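What follows is one structure encoded as structure tokens, with my remarks underneath.
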Amino acid sequence: MSYIHLIVLFLTGFTLVNLISPKFSVLEKLGLSFSLAIGLVTMIMLPYDLLGVKINLTSLYIPQVLIIIFGLFFLVNKHGVKEVFSLNGFDKMKSANFFSINLPWIFLALILGYVMYVVIAKAMFWPTISFDSVTGYDFVGRLIALEGKVNSSMFDPELPYNSIRSGYPLFIPGGFGYAYLMGFDSSKITTVILILSTLFIYYGLLRNYANHTISMLFTVLFITTPEYIAMSALSLSNVPHTLLVIVAVLALAIWMDRGEKRYFYIGVIFMALNVWARSDGIIFIAGAGFALFLYTVKTKAWKELVIFGVSAVLPFIIWQLYLKGVLGMVNTDVFVSHLFWDGEKIDRMTELIWKVITSTQFYGIAPYLIPIGVLINYQTILKKHTYLLVAILTSFLIYTMLYYQMNNGSEDFGYSLKAMINSSYKRGMFSIIGLFYFYIAISPMVQKLSKFVIESPSKNA
């Protein structure tokens, strides 16, 4: 029965994707559907909580079923069954020469398939043991499922059980809670379907620029990043959040490149979901927003800039108001509220961050491939995919500055500078590495080099 609930969840997201545009490829639809549906379900939880409506399977099913029935009816009448349920994206694969696609592509796909099997088996076998989840995300999810509300007994001021991890927005804990409501014994099913979604959407978005072999190669490089794949079997927030950031930034970049409006809308929605998963995701709003501002100065797309700004920031504001006004959680000591200069801290940060971002143990060949991949395109760096690079670099810079503003304790303190960079900062780099890999994969130099790969881009790209 639990898997029937998963099908309903997928159909909800599938309908929403098609309502945005039925022109998305089948890979993009597969990659977007679950995360859109989880975003919808978890956003519904908040007004339910405020209105006193019990959060259970029935109350969450009602809007989903209505969307599926009326949404699909509208779509089929307007676009026809063929376009809504098309296999757009596989047609080029079928028409290409068998050996030009499959020899390198199948080898890479087998590697990816094996890695995914190991991750899924590990995730579903081992119980939730990570501290952040046991005391935060999974704990909140369990109580949502048990008590039917977000403002559960863990936030009781007389006997509070909440921690700093309990104050994260609802995309992750709400998704975990919905997994329990669907009857799963482990909330990790949510993490599993979201990493599978990441695989599909990353490959699907790459296919807008690159041939099958290059798309699969860089998908494998990203997904098999050692620290990322190690975290994929855990019920933490970083891996699901990576999916949301990847879609948000890349979809907006594709829109700025090609002007296809469906990517603008999906980019705005996922940028909003990005801060619905982690509040520090606001750095990506700033990074992509700066790139969008530069694009707007050139193209006069002021309307889109306003839509992006308001829509992306709104969930962040709503959650902060809910935290303070309803849950009574105010973390005023996490960051220093004023600008300051601490040369010693900058030196210490530089040392610690350099060790992290250059570690092949954490990121495989990324520390070497990314700088080389960016530098070899120096001649076209201001001509091709410039807005994407601006969004990545700006986000990375602001992300690093965020840790400088943290109110850290001594080296032995749990939230010391060393502890935060070696754990939180390290995991936060997942999305930035995925974005860099994408930029390199679609860069002019890699596209030229791909001519020497077995698959011919003239046939398949």
Side-chain angles (χ1 to χ4, degrees), residues 1-13 33-65 119-156 161-163 165-197 231-241 243-244 273 276-278 319 322 327:
M1 189 66 182
S2 298
Y3 291 98
I4 294 176
H5 300 321
L6 271 185
I7 293 171
V8 172
L9 188 67
F10 173 79
L11 286 175
T12 302
S33 294
F34 273 118
S35 45
L36 268 181
I38 292 172
L40 173 73
V41 166
T42 56
M43 282 188 169
I44 289 172
M45 288 179 180
L46 197 61
Y48 277 3
D49 183 79
L50 293 171
L51 295 171
V53 177
K54 189 175 179 63
I55 298 171
N56 55 34
L57 203 57
T58 302
S59 64
L60 294 175
Y61 246 52
I62 293 172
Q64 291 187 79
V65 171
V119 167
I120 294 170
K122 180 182 176 182
M124 300 310 293
F125 178 79
W126 291 104
T128 300
I129 56 174
S130 54
F131 177 81
D132 288 353
S133 195
V134 170
T135 60
Y137 323 123
D138 187 74
F139 190 22
V140 174
R142 285 178 181 273
L143 287 177
I144 288 174
L146 286 170
E147 299 184 16
K149 54 185 178 179
V150 178
N151 189 10
S152 63
S153 56
M154 74 183 303
F155 299 107
D156 185 347
Y161 286 101
N162 58 290
S163 67
R165 302 298 174 192
S166 310
Y168 275 57
L170 282 178
F171 187 90
I172 308 298
F176 288 172
Y178 193 62
Y180 288 123
L181 286 172
M182 288 189 289
F184 287 98
D185 295 326
S186 171
S187 61
K188 289 185 182 180
I189 186 66
T190 303
T191 311
V192 165
I193 61 176
L194 289 176
I195 191 173
L196 288 173
S197 297
M231 293 291 122
S232 297
L234 302 178
S235 49
L236 295 173
S237 64
N238 303 93
V239 171
H241 183 240
L243 164 63
L244 305 176
L273 291 179
W276 193 239
R278 290 180 63 98
W319 184 250
Y322 181 80
L327 299 184

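Basis for what follows: all heavy atoms, side chains included, without hydrogens, waters or symmetry-related copies. Keep in mind that this is a model prediction, so the values were computed, not measured.
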Go through the steps for Tyr180 and Asp138 under the test side chain to side chain donor-acceptor pair (under 3.5 Å), then give the verdict.
CA-CA 10 Å; Tyr180 288 123; Asp138 187 74; 2.6 Å; yes
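Using a 4.5 Å cut-off on side-chain heavy atoms (C-beta onward), Met43 and Leu273 make contact. Side-chain contact between Leu46 and Trp276: present, with at least one pair of heavy atoms (C-beta onward) separated by less than 4.5 Å. Side-chain atoms of Leu327 and Asn151, non-hydrogen and from C-beta on, do get closer than 4.5 Å to each other. Contact check for Tyr61 versus His5: side-chain heavy atoms found under the 4.5 Å cut-off. Looking at heavy atoms from C-beta onward, Ser187 lies out of side-chain contact with Tyr137 at the 4.5 angstrom threshold. Put simply, the side chain of Leu60 reaches to within 4.5 Å of the side chain of Met45, judged on heavy atoms. With contacts defined as side-chain heavy-atom distances shorter than 4.5 Å, the pair Leu57/Met182 qualifies. Looking only at side-chain heavy atoms (C-beta outward), Asp132 and Leu234 stay at 4.5 Å or farther from each other.
Closest approach of Leu170 to Ile144, counting heavy atoms only: CD2-CD1, 4.1 Å. In this structure, Leu236 and Ser130 approach most closely via the heavy-atom pair CD2-OG, 3.6 Å. What you find for Phe176 and Thr191 is that their closest heavy atoms are CE2-OG1, 3.8 Å. Pairing each heavy atom of Leu194 with each of Pro240, the nearest pair is CD1-CB, 3.6 Å. Closest approach of Ser235 to Thr128, counting heavy atoms only: OG-CG2, 3.0 Å. The nearest pair of heavy atoms linking Phe34 to Ser197 is CB-OG, 3.9 Å.
Between atom CG of residue Leu181 and atom CG of residue Leu146 there is a gap of 9.0 Å, rounded to the nearest 0.5 Å. For the atom pair Ser2 OG and Ile7 CD1, the distance stands at 11.0 Å (nearest 0.5 Å). To the nearest 0.5 Å, the span separating CZ on Arg142 from CE on Met154 amounts to 12.5 Å. To the nearest 0.5 angstrom, Lys149 atom NZ is 8.0 Å from Asp49 atom CG. To the nearest 0.5 Å, atoms OG1 (Thr42) and OH (Tyr178) are separated by 11.0 Å. A distance of 5.0 Å separates CZ in Arg278 from CG in Asn238, rounded to the nearest 0.5 Å.
Residue-environment remark: CG (Leu51) exceeds the threshold of 12 foreign heavy atoms within 6.0 Å. The neighbour count for Asp185 CG, taken as heavy atoms of other residues, nucleotides or ligands under 6.0 Å away, does not exceed 12.
Remark: side-chain polar atoms of Ser59 are paired, donor with acceptor, to backbone N or O of Lys54 under 3.5 angstrom. In this structure, Tyr168 contributes its side chain and Ser237 its backbone to no donor-acceptor pair below 3.5 Å.
Taking the six-membered ring where the residue is Trp, Phe139 and Tyr161 present perpendicular rings, their angle passing 60° and hence far from 30°.
Close placement of the Phe184 and Tyr3 rings is indicated, their centers lying within 6.0 Å of each other.
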